[in-house]
*Asks:* 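Got a structure for you, written out below as structure tokens; questions coming shortly.
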Amino acid sequence: MLAVAVLAAGKGTRMKSDLPKVLQPLAGSTLVERVLASCSSLAPERQLLIVGHQAERVEQSLAGHAGLEFVLQQPQNGTGHAVQQLLEPLAGFEGDLLVLNGDVPLLREQTIADLLERHRSSGAAVTLLSARLEDPSGYGRVFADAERNVSAIVEHRDCSEEQRRNNLTNAGIYCFNWPKLAAVLPQLRTDNDQGELYLTDTVAMLSPAMHLEVADADEINGINDRMQLAQCEAVLQDRLRRYWMAEGVTFVDPGSCTLSDGTRFGRDVMVEPQCHFRGDAVVGSGCRIGPGSLIDNARIGDRVEIVYSVVRDAVVASDCAIGPFAQLRPGADLEKGCRVGNFVEIKKARIGSGSKVNHLSYIGDAELGENVNVGAGTITANYDGVNKHRTVIGAGSKTGANSVLVAPINLGANVTVGAGSTLTKDVPDGALALGRAKQLVKENWQAPR
Ligand code: UD1
Ligand code: CA
């Protein structure tokens with residue numbers, strides 16, 4: 001039997017943020033989401049999240065997380081006090097308790113599985129994760145013998161000069177035999193520099209207490225301030241890029257690009273410098289993205305080219321070419337082989353296959369058929385100040401440069417719109433529509449003197 005408890009009640013004072021620390025984002029997921037994900041494959045019988053500071057906000061952010069029990073810690077009097085709150089919900093529980101710090105987000109699933117396995121096979125009362133850090137300042141130090149038996153953990157601020165030279169640090173990840181931990185939890189005292197109840201003090205009260213050292217010290221990076229947040233982001237970004245390079249994606253300048261967990265690539269994608277992928281960004285095979293593009297929660301087909309453009313909550317089918325300097329906003333839906341050029345904005349509009357919107361246009365709340373040619377500077381005037389209205393353009397139609405289509409309006413198939421037209425009425429199939437003042441020419445005209 002396994003229960004998992006994540007400590008997420010602290011304020012995160014050193015972040016200097018209105019957001020609770022465990023809700024800070026890292027590669028598009030919050031710290032606490034990452035910590036929960038890192039142990040989901042263990043399929044624990046119970047999952048408990050200790051909340052306190054801005055508890056409601058933390059709970060709301062995890063509303064979709066099935067089977068999570070929220071335990072309130074009020075006030076927040078230290079990590080030991082946090083785990084004391086489990087005495088009631090876990091009364092009678094006979095299994096192991098895995099305790100995870102909510103601010104240690106880089107742990108790999110395998111590392112946690114190894115910890116649990118080691119704990120169970122050794123029969124220890126507690127097994128904790130440790131690492132040798134080049135700079136262990138701020139972390140608790142683990143005092144142990146060569147057989148990995150731990151005698152105590154001393155917090156950095158409570159350490160003597162001599163003790164600080166020990167660089168074996170506590171990761172904040174522990175596997176406890178719950179009945180044994182439950183027996184000593186009430187004995188914790190606040191005789192330390194912070195006057196708090198420390199979970200780490202239980203280790204000296206339990207025996208045997210063992211530690212397991214992680215191979216990759218990056219995994220135990222804890223986040224207490226924005227510098228550490230940035231360092232963890234860098235580690236995660238590096239992991240994500242390495243993963244996708246191994247899957248056949250070329251990054252011309254990997255360090256200049258960022259990815260999210262939800263980013264997916266097909267084979268032979270070329271990512272040029274300064275590209276950013278957020279949310280569920282799915283990119284098909286053979287695409288060339290960038291330089292300088294943001295793909296946020298969008299689905300991109302195969303062999304698509306996107307240069308210096310922003311694509312957000314949009315769908316782009318195969319063989320399209322976007323940019324430079326285009327913006328596809330939510331609801332833009334491009335069918336196969338479209339071309340969207342410079343200074344074009346498309347919102348909530350379906351663009352039929354083979355259509356071109358090449359220069360300086362706004363297409364919003366619209367439906368375009370196949371092979372429509374939208375002339376330079378064509379605007380769908382979709383907003384009357386109160387409501388949005390639709391524009392429909394049939395297959396094979398062409399709009400002249402600088403056309404304004406005042407919605408609601410319906411242009412049929414194979415319509416031609418003269419340049420500079422402002423159209424307010426529907427146009428039937430095959431028609432030419434002109435909506436502009438007739439040109440006046442006065443020959444040999446003398447300017448007034
Ligand atoms: C803690 C460990 C330290 C370890 C480090 C690893 C203790 C006493 N120290 O120190 O040995 O090296 O983590 O990152 O445990 N929390 C609560 N309730 C509280 C206080 C904290 O839920 O009353 C939560 C926080 O939200 C956070 C976690 O516990 O997610 C750790 O708390 P934090 O104050 O950051 O501990 P550290 O000083 O980093
Ligand atoms: Ca911490």
Side-chain angles (χ1 to χ4, degrees), residues 5-15 17 19-24 26 30-36 38 48-55 57-59 70-86 99-107 126 128-133 135-144 150 152-159 163-164 166-174 176 181 185 188-204 209 211 213-214 217-229 231-232:
V6 177
L7 309 189
K11 184 170 175 201
T13 312
R14 289 165 280 179
M15 297 301 290
S17 175
L19 200 61
K21 178 163 69 174
V22 294
L23 294 191
Q24 295 287 341
L26 210 52
T30 63
L31 300 189
V32 64
E33 280 169 346
R34 286 190 176 279
V35 173
L36 287 168
S38 67
L48 306 110
L49 189 77
I50 304 191
V51 291
H53 177 71
Q54 292 198 44
R57 199 162 169 188
V58 176
E59 285 184 38
F70 297 99
V71 179
L72 192 65
Q73 181 199 9
Q74 207 69 271
Q76 294 87 45
N77 195 23
T79 51
H81 181 243
V83 176
Q84 282 181 345
Q85 312 310 308
L86 300 176
V99 176
L100 304 161
N101 269 5
D103 63 351
V104 181
L106 300 185
L107 280 171
V126 56
L128 58 100
L129 215 55
S130 64
R132 295 235 173 245
L133 298 188
D135 175 16
S137 45
Y139 289 91
R141 306 299 206 281
V142 178
F143 294 88
V150 179
I153 299 176
V154 184
E155 289 307 293
H156 179 91
R157 51 205 302 167
D158 298 308
C159 278
Q163 287 175 315
R164 280 186 190 170
N166 174 9
N167 71 346
L168 189 63
T169 54
N170 171 29
I173 312 298
Y174 322 77
F176 290 100
L181 175 65
L185 274 175
L188 286 175
R189 312 218 340 237
T190 56
D191 51 356
N192 53 58
D193 188 56
Q194 292 194 97
E196 290 185 348
L197 296 170
Y198 284 170
L199 179 62
T200 45
D201 287 348
T202 62
V203 169
H211 74 101
E213 203 178 316
V214 289
D218 276 346
E219 279 191 59
I220 73 141
N221 282 348
I223 294 181
N224 299 309
D225 57 34
R226 309 262 181 173
M227 267 78 74
Q228 290 169 324
L229 187 68
Q231 282 157 11
C232 285

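Along the sequence shown, residues carry numbers from 1. One-based numbering, in listed order, for ligands and for the atoms of each.
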*Asks:* Given N221, L49, N101, which has its nearest heavy atom closest to atom 14 (O) of ligand 1?
*Replies:* N101
*Asks:* Could you state the interatomic distance from CG (L128) to OG1 (T200), rounded to the nearest 0.5 Å?
*Replies:* 10.0 Å
*Asks:* Run down the list I223, L129, T79 and name the one with the heavy atom closest to atom 7 (C) of ligand 1.
*Replies:* T79
*Asks:* Decide whether an N or O pair under 3.5 Å exists between G140 and ligand 1.
*Replies:* yes
*Asks:* Is the shortest distance from a heavy atom of E196 to ligand 1 less than 4.0 Å?
*Replies:* no
*Asks:* Using a 3.5 Å cut-off on N or O atoms only, is Y198 in polar contact with ligand 1?
*Replies:* no
*Asks:* Determine, using heavy atoms of A8 and all atoms of ligand 1, whether some pair is separated by less than 4.0 Å.
*Replies:* yes
*Asks:* Given Q228, Q194, R14, identify the one with the heavy atom nearest to atom 34 (O) of ligand 1.
*Replies:* R14
*Asks:* Does G102 reach ligand 1 with a nitrogen or oxygen that is under 3.5 Å from one of the ligand's nitrogen or oxygen atoms?
*Replies:* yes
*Asks:* Looking at K21 and I223, would you say the former's side chain and the latter's main chain have a donor-acceptor pair under 3.5 Å?
*Replies:* yes
*Asks:* Could you tell me which non-hydrogen atom of R141 sits nearest to which non-hydrogen atom of R164, and how far apart they are?
*Replies:* NH2-O, 3.1 Å
*Asks:* Please check if a non-hydrogen protein atom sits closer than 4.0 Å to atom 22 (O) of ligand 1.
*Replies:* yes
*Asks:* Yes or no: does Q73 have any heavy atom under 4.0 Å from an atom of ligand 1?
*Replies:* yes
*Asks:* Please calculate the OD2(D103)-the Ca ion (ligand 2)-OD1(N224) angle and round it to 10 degrees.
*Replies:* 90°
*Asks:* Please confirm whether the backbone N or O of Y198 pairs with a side-chain atom of T79, one donor and one acceptor, at under 3.5 Å?
*Replies:* no
*Asks:* Which bit of A9 gets closer than 4.0 Å to ligand 1, counting heavy atoms only: side chain, backbone, both or neither?
*Replies:* both
*Asks:* Quick one: does any side-chain atom of Q84 pair with a main-chain N or O of L185 as donor and acceptor, under 3.5 Å?
*Replies:* yes
*Asks:* Given G78, G222, G172, S130, which has its nearest heavy atom closest to atom 19 (C) of ligand 1?
*Replies:* G78
*Asks:* Please indicate, with yes or no, if any protein heavy atom is found under 4.0 Å from atom 36 (O) of ligand 1?
*Replies:* no
*Asks:* Report the residue from L133, I173, N170 that forms a side chain to side chain contact (heavy atoms under 4.5 Å, CB included) with I220.
*Replies:* L133
*Asks:* With the threshold set at under 4.0 angstrom, would you say N224 reaches ligand 1 through any of its heavy atoms?
*Replies:* yes
*Asks:* Looking only at heavy atoms, is any part of D103 under 4.0 Å from ligand 1, and if so is it the side chain, the backbone, or both, or is it neither?
*Replies:* both
*Asks:* For ligand 1, is there an N or O atom under 3.5 Å from any N or O atom of G10?
*Replies:* yes
*Asks:* Pair H81, E196 - check side-chain hydrogen bond (donor to acceptor under 3.5 Å, both in side chains), show working.
*Replies:* CA-CA 8 Å; H81 181 243; E196 290 185 348; over 6 Å; no
*Asks:* Under 4.0 Å, heavy-atom basis, I'd like to know which part of E155 is in contact with ligand 1: side chain, backbone, both or neither.
*Replies:* side chain
